[in-house]
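Remarks on the structure that follows.
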6 protein chains.
Amino acid sequence: MPYVTVKMLEGRTDEQKKALVDKVTEAVVETTGASVDKVVVFIEEMKKNHYAVAGKLESEK
Amino acid sequence: MPYVTVKMLEGRTDEQKKALVDKVTEAVVETTGASVDKVVVFIEEMKKNHYAVAGKLESEK
Amino acid sequence: MPYVTVKMLEGRTDEQKKALVDKVTEAVVETTGASVDKVVVFIEEMKKNHYAVAGKLESEK
Amino acid sequence: MPYVTVKMLEGRTDEQKKALVDKVTEAVVETTGASVDKVVVFIEEMKKNHYAVAGKLESEK
Amino acid sequence: MPYVTVKMLEGRTDEQKKALVDKVTEAVVETTGASVDKVVVFIEEMKKNHYAVAGKLESEK
Amino acid sequence: MPYVTVKMLEGRTDEQKKALVDKVTEAVVETTGASVDKVVVFIEEMKKNHYAVAGKLESEK
C-alpha cells in the first residue's frame, strides 16, 4: 500500500514502462511516507477503439 | 469528467462501440450538465472464462 | 451485464442521479442489445481534494 | 451484488479459474448473506510487464 | 497478489467483513496456489442511491 | 490520458495529497511523453476495516 493504477493507450515500450513504475513509486514514497517495498503499480493498457473523449473513439480520430 | 467505464463481454462490433460511446456521452451530458468535451468513456471487454454469475463461469454455460 | 461505472465530482442531486442511471441504461440497451434488466450502473463520487488534472487538485483551483 | 474482482498474474488454468469463482462465490454467500445467483465475479489478468512491486516490474525479476 | 475487490451495498457489520476477507482469502489461496500473506482484499461499499439495476436506483425501490 | 488512480489508507494531509498528485504527474509526463495537461490523478482512500492483507483487516491489527 499504496496501490497505483496507470491506465493509458497501448504503445509505450518496455523501457518506458520500467521507468514509469520506477518514477511513480519514487513519487509515492517521497510524498506519502510509504515504504518502497509496499508500493504496488498496475499498468492497464487501452486500445484506441476502447477509449473515447467527447463521444468519439480515439480510433475514429 | 465524468469518467464512464463500460465493462461487457467481448463480441460487439466497432459500429456498436462507436454508437455506445456516443449515446452514453449524450446521456451523461443531458443529465449531469457536464460539457461534452470533458466526458471520457472507457470500454473494458471481458472473456467468457473471466466472468461468473452464481459461481459459474460464462464459459461453463 | 454490461456494468457501467460513472465516476464524477460530488454535488449532483438525487434527481440528476436518477435521470443519469436511467438515460445511461437506455443508451447501453439501445446500442449493445443487452436486456435492460441486466444493465448495472455504479456511481462513484469524488471529492475535489481527491481529483487532479495537470498536477493540480480541483480543490486548489 | 456483491461484485467481486480478482486481479492476478496470467497463467492459471481454466480449471483453477472455475474453482476460484466457485469458492469465492461460496465465501461471499456464507459471510454476507447474499443469494448465490446475485454474486458476480470478474477475473482480471495482468502481464508481468504490467505489474510492479517496490518499483520493479515482475518481468524485470 | 492476487488482489480482490468486493463491491457491495453498505450495511454489513464489522464481524461480517472480518469473516468475508478471511473466507475469500482462504478461497483464493486454495484455488490459485497463492501464498496467504500475498493476498489483498479491498471492500468497497456502495450507497443505495449510487447503485442501479435495470435503470432504477436501489434507493428508488 | 494517462489516468492514474492512487488507492491508499485514509489519513494523509491535504499537503501530502497536493504533493502526491504533483509528483506522480511529473513522473508520468517524464516517462511516457504525455503532456501535463492531459494527466489525470484520482485518489481513493480506504478505511482500515475495508482493507485486508493475509486474511486480516488492518483494523484487526
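Below, all heavy atoms of this structure are taken into account, side chains as well, without hydrogens, waters or symmetry copies. In what follows, every chain begins at residue 1, and chains take the letters A, B, ... in the order their sequences are listed.
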Interface check, chain E: of D/Lys18, D/Met46, D/Glu26, D/Arg12, most non-hydrogen pairs under 4.5 Å belong to D/Arg12
Under 4.5 Å to a heavy atom of chain E? For D/Glu15 that would be neither
Closest non-hydrogen atoms of E/Thr32 and D/Gln16, given as atom of the first, atom of the second and distance, are O-NE2, 3.8 Å
When the 4.5 angstrom heavy-atom criterion is applied to E/Glu44 and chain D, the contacting part is neither
Heavy-atom nearest pair, D/Val6 first then E/Pro2, reads CG1-CB, 4.1 Å
So CE of E/Met1 and CD of D/Glu58: to nearest 0.5 Å the spacing works out to 7.0 Å
Bottom line for D/Phe42: the part with an atom under 4.5 Å from chain E's heavy atoms is neither
Output for pair (D/Lys17 NZ, E/Thr31 OG1), nearest 0.5 Å, gives 12.0 Å
Intermediate values then yes/no, side chain to side chain contact (heavy atoms under 4.5 Å, CB included), D/Val24 and E/Val4:
CA-CA 10 Å; D/Val24 163; E/Val4 183; 5.5 Å; no
